[in-house]
Asker: 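I am attaching a structure below and will ask some questions about it afterwards.
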Protein chains: 2
Amino acid sequence: MTYDEGKEALVQAWGTLGSQWGISRTMSQIHILLLTSPEPLTTEDVMEQLQISRGNANMNLRDLIGWGIIRKVLRAGERKEYFEAERDVWKVAMQVARERKRRELEPLLAVLDQVSTVEGEGPEIARMTEAVRDLKKFANNADRLLDTMIKAEENWFWGNFLKVLR
Amino acid sequence: MTYDEGKEALVQAWGTLGSQWGISRTMSQIHILLLTSPEPLTTEDVMEQLQISRGNANMNLRDLIGWGIIRKVLRAGERKEYFEAERDVWKVAMQVARERKRRELEPLLAVLDQVSTVEGEGPEIARMTEAVRDLKKFANNADRLLDTMIKAEENWFWGNFLKVLR
DNA sequence: TTAAATTTTCAAAACTTTTTGAAAATTTAA
DNA sequence: TTAAATTTTCAAAAAGTTTTGAAAATTTAA
């Protein structure tokens with residue numbers, strides 16, 4: 001396999017994986033492009049390498065910054081903005097976990113709290129209440145587990161335990 | 001909040017959450033409908049409650065069975081098929097993890113192995129090789145961590161540790 | 001068998017998401 | 001200032017995904 005074939009395969013595979021997890025194909029592809037680039041890239045570079053429009057490149061680069069997994073790099077004497085990816089895969093995973101928790105888990109918990117105020121009798125209500133209680137328990141545990149992992153770097157036990165995994 | 005409002009809110013919230021994770025809205029909605037139903041439901045019930053077509057209901061029920069998170073229930077003397085959801089939320093999560101691992105992590109690892117055979121010199125190849133090595137390390141760890149959790153029930157340490165989370 | 005009940009299939013339609021590209025806005029060098 | 005370079009916006013178009021609904025296939029009761 002040549003370098004170009006390898007790069008193409010990575011961009012494809014990462015784009016596919018992303019879209020299966022609700023991240024747009026292009027966003028994932030820009031991410032792996034930056035992750036495997038030895039130098040920061042400009043919007044133009046990204047447009048050219050992925051053959052996408054300026055608007056698309058710009059929008060997805062901004063979104064990636066919003067997720068906190070790439071950053072702008074300013075170069076002295078250069079007008080253009082360069083972008084580079086966070087290289088620590090563990091940090092990227094934790095950053096994504098943190099964002100998804102905030103954007104998804106927290107709204108879900110709010111709905112579950114709302115729904116648990118339903119009152120009344122009968123098997124329908126009993127079953128719904130039970131299901132909501134279980135989902136809340138699970139969501140709260142996931143929430144806490146994520147917090148623990150996110151804070152692992154500041155935490156001796158988990159910090160050392162998780163080092164094994166990195 | 002009334003029972004009907006609660007049910008509606010749950011169906012909406014679960015559908016939205018699912019679609020953010022690459023699971024179709026309808027599939028998630030059928031899942032929560034079965035999860036909160038005191039009795040198994042037929043295809044007709046699902047069609048009526050979610051106001052969807054027969055084809056749609058049938059296809060998504062089959063997919064949910066494929067994910068291993070709902071099952072057919074046959075009732076003596078009844079011709080129709082009934083469906084019920086797995087009630088243990090932890091089991092559902094592990095089942096989804098197992099399937100996603102098989103469907104996504106394993107293909108990704110295959111691509112990474114392929115790409116790591118790229119040879120040559122220069123900063124591009126060096127960076128790509130490095131990135132691929134890190135991704136492999138991460139994917140393998142995620143793979144093993146999932147295996148550990150999936151097997152938690154057969155494993156004393158994790159079994160006891162994880163009981164706290166359930 | 002036959003035929004009624006039920007489930008499955010799949011091409012076309014509806015809907016959703018992503019992308020384009022050109023115009024507007026912003027930034028900075030001179 | 002002015003104007004060139006660069007980034008951002010956004011309506012329309014393209015692409016992708018999901019849904020419909022009617023026909024075909026399958027199952028089972030009689």
Side-chain angles (χ1 to χ4, degrees), chain A residues 11-34 40-67 70-84 100 103-104, chain B residues 11-34 40-67 70-84 100 103-104:
Chain A
V11 165
Q12 286 305 333
W14 206 244
T16 302
L17 189 71
S19 68
Q20 284 161 335
W21 286 82
I23 288 146
S24 97
R25 180 203 294 332
T26 301
M27 194 160 134
S28 310
Q29 289 180 332
I30 295 177
H31 176 234
I32 196 85
L33 194 64
L34 293 177
L41 302 179
T42 63
T43 302
E44 300 269 348
D45 295 332
V46 170
M47 287 166 62
E48 193 184 313
Q49 294 211 40
L50 297 180
Q51 292 288 305
I52 59 176
S53 72
R54 183 175 301 286
N56 194 7
N58 178 72
M59 163 165 293
N60 281 290
L61 283 165
R62 269 193 300 106
D63 283 356
L64 282 165
I65 290 173
W67 279 91
I70 73 169
R71 47 181 166 264
K72 280 190 191 175
V73 181
L74 298 174
R75 293 191 151 178
E78 286 245 42
R79 187 98 166 255
K80 274 189 203 133
E81 291 175 334
Y82 287 76
F83 301 91
E84 68 178 11
R100 294 202 92 140
R103 298 180 192 194
E104 296 160 15
Chain B
V11 166
Q12 285 305 332
W14 206 244
T16 302
L17 189 71
S19 68
Q20 284 160 335
W21 286 80
I23 288 146
S24 97
R25 181 205 293 333
T26 302
M27 195 161 134
S28 311
Q29 289 181 334
I30 293 177
H31 176 232
I32 197 86
L33 193 64
L34 292 177
L41 301 179
T42 63
T43 303
E44 300 270 346
D45 295 331
V46 170
M47 288 166 60
E48 192 184 315
Q49 294 212 39
L50 297 180
Q51 292 288 304
I52 60 176
S53 71
R54 182 176 302 284
N56 194 8
N58 177 73
M59 164 165 294
N60 281 291
L61 283 165
R62 268 194 300 107
D63 283 356
L64 282 165
I65 290 173
W67 280 90
I70 73 169
R71 49 180 165 263
K72 279 189 190 175
V73 182
L74 297 175
R75 293 190 150 179
E78 286 247 41
R79 186 93 167 260
K80 274 191 205 134
E81 292 174 335
Y82 287 77
F83 302 91
E84 70 178 9
R100 294 202 91 140
R103 297 180 193 194
E104 296 160 15

Asker: Nearest-Å distance, CG (A:N60) to P (C:dT18)?
Answerer: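 Result: 9 Å.
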Asker: On DNA chain D, check which nucleotide each of B:R79 and A:R62 is closest to and give me the residue with the more 5' one.
Answerer: A:R62
Asker: Quick one: on DNA chain D, does A:S19 or A:E78 contact a more 5' nucleotide (nearest heavy atom)?
Answerer: A:E78
Asker: Expressed in angstrom and rounded to an integer, what is the separation of A:Q51 atom CD from C:dT19 atom P?
Answerer: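 Rounded to whole Å, this separation is 14 Å.
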Asker: Look only at the side chain of B:Q51 and the backbone of B:E48, and say whether a donor-acceptor pair between them is shorter than 3.5 Å.
Answerer: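 The answer is yes, because a donor-acceptor pair under 3.5 Å joins these two groups.
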Asker: Does any N or O in the side chain of B:D63 come within less than 3.5 Å of the main-chain N or O of B:N60, such that one atom is a donor and the other an acceptor?
Answerer: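 Such a contact is absent between B:D63 side chain and B:N60 backbone.
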Asker: Would you check if A:T16 and A:Q20 make a side-chain contact, meaning some heavy-atom pair closer than 4.5 Å?
Answerer: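 Yes, side chains in contact.
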Asker: Quick one: pull up CZ in B:F83 and CD1 in B:I65 and give me the separation to the nearest 0.5 Å.
Answerer: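 Output value for this atom pair is 5.0 Å.
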Asker: Looking at every strand, decide which applies to A:D63 at a 4.0 Å heavy-atom threshold: base, sugar-phosphate, or nothing.
Answerer: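 Since no nucleic acid heavy atom lies under 4.0 Å of A:D63, the category is nothing.
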Asker: I'd like to check A:R75 versus A:E81 (side-chain heavy atoms, cut-off strictly below 4.5 Å). Are they in contact?
Answerer: no
Asker: Could you tell me whether the side chain of B:H31 reaches within less than 4.5 Å of the side chain of B:W67, counting heavy atoms only?
Answerer: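 No, every pair of side-chain atoms sits at 4.5 Å or beyond.
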Asker: Let me have DNA chain C in dot-bracket notation, would you? Count Watson-Crick plus G-U wobble pairs, both distances under 3.5 Å, and use [ ] for pairs crossing earlier ones and | for inter-strand partners.
Answerer: ||||||||||||||||||||||||||||||
Asker: Within a strict 4.5 Å, meaning less than it, do heavy atoms of the A:L34 and A:L61 side chains meet?
Answerer: yes
Asker: Please identify the 5'-most and 3'-most nucleotides of DNA chain D with any atom under 4.0 angstrom from a heavy atom of chain A.
Answerer: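 Terminal contacting nucleotides, 5' to 3': D:dA4 to D:dT9.
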Asker: Expressed as a whole number of angstroms, how long is the span from A:Q29:CD to C:dT18:C1'?
Answerer: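 Computing the A:Q29:CD to C:dT18:C1' distance gives 12 Å.
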Asker: Base, sugar-phosphate, or nothing: which does B:R25 touch, judged by heavy atoms less than 4.0 Å apart?
Answerer: nothing
Asker: On DNA chain C, nearest-nucleotide positions of B:N56 versus A:A57: which is more 5'?
Answerer: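 Result of the comparison: B:N56.
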Asker: C:dT19 P sits how many Å from A:M47 CE, rounded?
Answerer: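 Nearest whole value for this atom pair: 14 Å.
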Asker: Between A:N58 (side chain) and A:G55 (backbone), is there a donor-acceptor pair under 3.5 Å?
Answerer: no
Asker: Any non-hydrogen side-chain atom of B:M59 less than 4.5 Å from a side-chain atom of B:M27?
Answerer: no
